[in-house]
Amino acid sequence: MLAYGYEVEGSPEALADVSENLKDRRSCINWFNFNTGDLYWDGNGNGYKVEINHETKQVALNEW
């Protein structure tokens, strides 16, 4: 999925949360602030390990 300028893949639950964020005009995920090894927290408090490549603008969100 394309989200905020980055190609995002990974856990279906994480992708569902990102998709919900895309629908909310008041919400924005700034992938530039993430580094590999960080955690992405969804709205339910579940954490997903971030693997990110800023040069190719790709993000993977995997279960932690």
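Residues meeting the salt bridge (Lys or Arg N to Asp or Glu O under 4.0 Å) test with Arg25, sequence neighbours left out: none. Listed by chain and number, the residues in a side chain to side chain contact (heavy atoms under 4.5 Å, CB included) with Leu15 are Met1, Val8 (sequence neighbours excluded). Applying the side chain to side chain contact (heavy atoms under 4.5 Å, CB included) criterion to Asn30, with sequence neighbours excluded, gives Phe32, Asn33. Judged as a ring pair (Phe, Tyr, Trp, His ring centres under 6.0 Å), and not counting sequence neighbours, Tyr48 has no contacts.
Closest approach of Gly10 to Asn62, counting heavy atoms only: CA-OD1, 4.1 Å.
Side chain of Asn44 to main chain of Asn46: no donor-acceptor pair is present (N/O by atom type, distance under 3.5 Å, no hydrogens or angles).
Between Ile52 and Gln58 there is no side-chain heavy-atom pair separated by less than 4.5 Å.
A side chain to side chain donor-acceptor pair (under 3.5 Å) check over residues 2-17, counting only residues at least two apart or in different chains, returns the pairs Tyr6-His54, Ser11-Glu13, Asp17-Asn21, Asp17-Tyr40.
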side-chain contact (heavy atoms from CB on, under 4.5 Å) for Leu61 and Val50? Distances and angles first, verdict last. CA-CA 5 Å; Leu61 302 172; Val50 174; 3.8 Å; yes
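Other members of the cluster containing Leu39 are Trp41, Trp64, with ILVMFWY side chains joined at under 4.5 Å, either directly or via other members.
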